[in-house]
Amino acid sequence: MKLRKFIPYIFLAPAFSIFLIFIIYPGVLGFIVSMYRTPYSFGQSVFVGFNNYLSIFETTSFLDALLRTFLFSLLVVPTIYCFSLGLALLMTSPSVKAKSVLRVFFFLPSVLSGVITALIWDWMLNYDFGFLNNLFTVLGLRNLPFLLNPTYAFLSLVLIMSWAASGFFMVIFIAGIQSIPQELYEAAEIDGASTFEKFTFITLPMLKPTSILVIILSTIQSMQLFDIPFVLTGGGPGESTTFAVEKVYNTAFINLNMGLASAMSFILFLVFLTIGILQFKVSREGQFLA
Amino acid sequence: MKRVFVILSVLLVAVMFVAFSQQITLTFAYFTDGPDLPVIQSLIAQYEQLHPDVKINLLNIPYSDYAQKLSTMIQGGTPPDIARAGDIIPYQDVALNIAPYITSFTGESVEEWVKNHSGFTSMEYWYDTRHEVLGIPWDAGAHALFYNKDEFAKADITAPSTTPWTWAQWESAMEKIVNSGAAKYALTYEKTSYRWSNLLYQAGGQIWNENGQCVINNPEGVRALSFFVSLFRKNLIPESVWVGNTPAFSYFQNGLASMFYSGTWMIPELMQKGTVNFKWGVMPLPMDKVNAVMTGPKVILGFKSTKYPKQVAEFMLWLTSKPILTQWCQKLGAIPANHQLLQEGIDYGNPELNSVMQIILTDLNKGTQVQGNWPANFERDWIVGNTAVITQTYYPRLVQDIVNAISGTMTPQQALNDVASYFNQQMANLKTSSK
């Protein structure tokens, strides 16, 4: 009888161990490292309390990267939402043929690694070697500095990230759309509702839980973005596409300042945690998790 | 008969067991610099044959991940036994002092060996200041200017082979290349602060003065950056390399740029069949006030934490010994970081490679950044002391500000003022934290 009481814990143990070893332990260790000044030459670290945290706020560099990350999320999340919802509507529309093939086609970008995505888009957008600019040259048009102008580079990344992520969220939306009872649409048709009215008064409200999930996941994904800008733009031009995670990477592995990088990571963790809690709170109010 | 066979088999297994149990494994963290992997593998095989009790486990890490992987290993308390590195400075507190093993391996006193071996002053510096030998300079790369012979012929330009071009002559040749339509761009220039600073030294500038103050924003520095920026403004260099993230070599390789400012480490790759489909050559670096050719040795170092310091030291000393280093340099077209070999010269055993190396070495010997004879300002900037630590730690700021000047968000003077103020601030922080 006593053993039965422990069975759930035994089943939980493997997952919990992984969580403990790979998430909690490095997290605690990271927090400890953030309290130390780690010399460039890997010598003896010196305890400095919260000095690393203070030095983050003394210079604007990390905060700029953080603000840039927020701005990026603010642009990319609605874009992903619109793209993936639009694709899901198309993929569930009775008038579209060969849906299975198209679904695979649209889903493919989300299985590519960030590095491959970045290389593909470099071949498309590069100023001298890119497909688009070569096409412009053939058409007698001027080359566009997609990755050389700070604004263009930033917007290019918004589109690339949306392209890469929309397929995955499309699948989630398709599941959401397919779970909407058909009776609602039939009743609306009897009442003479147009396609647009059916979308705004039935589809969108019924997709609220799915929408919240998509927004939460895409926000987290966009704020953690690292590989695509790292390979495609190297964080440039200037620092226009250097996001928070890349800033942490540069501090740790280029400036070799592990203490400061750990402090930045911890601040990032707190920011992500706050956003996560806020979003879950909103989703609870929307009865999403009820 | 059967019994004898069984006994012999058991004996053989026992001997093998004893042999293997006595074999030690040394982990060697390595990054490739051109097509050198088969060469290092064959040298390791040679060493293992000579020392059956030692196995070298080569960890080949891509260069782009190298600093991250190595620093993570060190921070995690599991550094390799041996590593290839671009510099000793970052590892000075964890590097193994091999001085106690030098005499027994080489038969020379440590002082004698340091003097004979060191083709570059960094090893002498560490020995003079700390009485330690923390790493051995292995081979060296020198900055080099490659050119596409076909495109030069098309533009009707003769590349200099002995006397360097002045900046003005170089620029006018670049204009001629672009205007003649021989190539879209005249020059592709690698995006690193080290590569750019060759222009700084040619202009007579420096990053730090003898009082430890960053003076990169002096008139010489501004002249170097203004000249560099002007080449972009005239569309002679592709912006995509510096403002974007496109590798400089791709422009040269595809015939889009006629000249490539890089270094000797590119020679083995260029000599490989199929890398480029045109005839290429090398020319002396251009000069402004000064004929400066920058070099930089790669070092091999051991780590204090190794269980086998003697074997680590012996492998390092063997790998950088004259006969082995000669093999290495001959196969890769490298410049040895060994004083005696530099004096004697190396026959690369290949007429094409010999002629290319001849131009580079002649230029190097004429320049002020000569091997074993670096001027104090260059050493301060990159090799020794806190000034070098700041340059090597915060060089991304210099790259970023050069990009700011190229993209027009800062003037060259503003860009270098920003670098100077940032570097000086970091120096002040370093001094405060080390008190």
Side-chain angles (χ1 to χ4, degrees), chain A residues 26 29 33 36-46 48 51 55 58-59 61 115 118 122-123 125-130 133 137 143 145-150 152-153 229-242 247 249-262, chain B residues 64-76 79 87-95 134 184-185 188 191 238-247 250-251 254 256-257 303-304 386 389-390 392-397 399-401 403-404 406-407 409-410 422 425-426 429-430 433-434:
Chain A
L29 208 63
V33 173
Y36 284 85
R37 189 182 61 238
T38 46
Y40 178 69
S41 50
F42 303 103
Q44 193 65 45
S45 298
V46 181
V48 289
N51 273 7
S55 66
E58 278 167 10
T59 57
S61 173
V115 174
D122 187 43
W123 291 330
L125 303 177
N126 190 289
Y127 189 75
D128 288 299
F129 300 103
N133 275 326
T137 309
N143 284 15
F146 292 111
L147 305 175
L148 304 183
N149 173 296
Y152 286 6
F230 186 73
V231 176
L232 187 66
T233 61
E239 286 208 311
S240 59
T241 57
T242 303
K247 197 77 197 170
Y249 175 90
N250 291 343
T251 308
F253 299 115
I254 293 179
N255 298 343
L256 295 178
N257 193 337
M258 296 291 170
L260 189 61
S262 299
Chain B
S64 52
D65 299 336
Y66 192 75
Q68 178 200 345
K69 288 262 162 66
L70 192 57
S71 60
T72 312
M73 287 169 90
I74 297 168
Q75 293 283 353
D87 209 314
I88 295 173
I89 285 182
Y91 311 104
Q92 56 181 292
D93 290 331
V94 283
L134 295 179
K184 185 174 180 183
Y185 298 102
T188 175
K191 183 185 181 179
E239 269 196 23
S240 219
V241 174
W242 278 77
V243 181
N245 211 20
T246 311
S250 56
Y251 282 88
N254 291 298
L256 255 66
F303 287 90
K304 273 179 192 169
N386 281 345
V389 169
I390 298 291
Q392 292 205 21
T393 313
Y394 298 104
Y395 68 85
R397 184 65 164 235
V399 175
Q400 189 189 318
D401 278 333
V403 172
N404 285 335
I406 294 166
S407 51
T409 51
M410 284 180 173
Y422 185 75
Q425 180 59 49
Q426 296 306 329
N429 292 347
L430 187 69
S433 64
S434 52

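Letters go in sequence order (proteins before strands), and every chain restarts at 1.
From Thr72(B), atom OG1 reaches atom CE of Met258(A) across 5.5 Å, with rounding to the nearest 0.5 Å. To the nearest 0.5 angstrom, Leu147(A) atom CG is 12.5 Å from Glu239(B) atom CD. One finds the OG atom of Ser61(A) at 7.5 Å from the CD atom of Gln400(B) (value rounded to the nearest 0.5 Å).
In terms of heavy-atom pairs under 4.5 angstrom with chain A, the leader among Ser240(B), Ala95(B), Gly244(B) is Ser240(B).
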Mind running side-chain hydrogen bond (donor to acceptor under 3.5 Å, both in side chains) on Thr246(B) and Asn126(A) for me, showing each step along the way?
-> CA-CA 8 Å; Thr246(B) 311; Asn126(A) 190 289; 2.8 Å; yes
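The neighbour count for Tyr394(B) OH, taken as heavy atoms of other residues, nucleotides or ligands under 6.0 Å away, is above 12.
Only the backbone of Phe230(A) comes within contact range of chain B, with at least one heavy atom under 4.5 Å from a heavy atom of that chain. Contact of Thr409(B) with chain A is not made at all, since no heavy-atom distance falls under 4.5 Å. No part of Ser407(B) comes within reach of chain A, as not one of its non-hydrogen atoms sits under 4.5 angstrom from that chain. The part of Leu232(A) that comes within reach of chain B is its backbone (N, CA, C, O), which places non-hydrogen atoms under 4.5 angstrom from that chain. Neither the backbone nor the side chain of Asp401(B) comes within contact range of chain A, judged by heavy atoms closer than 4.5 Å. The contact between Tyr251(B) and chain A is made by backbone and side chain atoms together, counting heavy-atom distances below 4.5 Å.
In this structure the side chain of Val243(B) never reaches within 4.5 angstrom of the side chain of Tyr127(A), judged on heavy atoms.
Of the possible polar contacts, one joining the Asn245(B) side chain to the Val231(A) backbone as a donor-acceptor pair under 3.5 Å is found.
Nearest heavy atoms, Ala67(B) versus Phe253(A): CB-O, 4.1 Å. Here the closest heavy-atom approach between residue Gly238(A) and residue Asn404(B) is recorded as CA-OD1, 4.3 Å.
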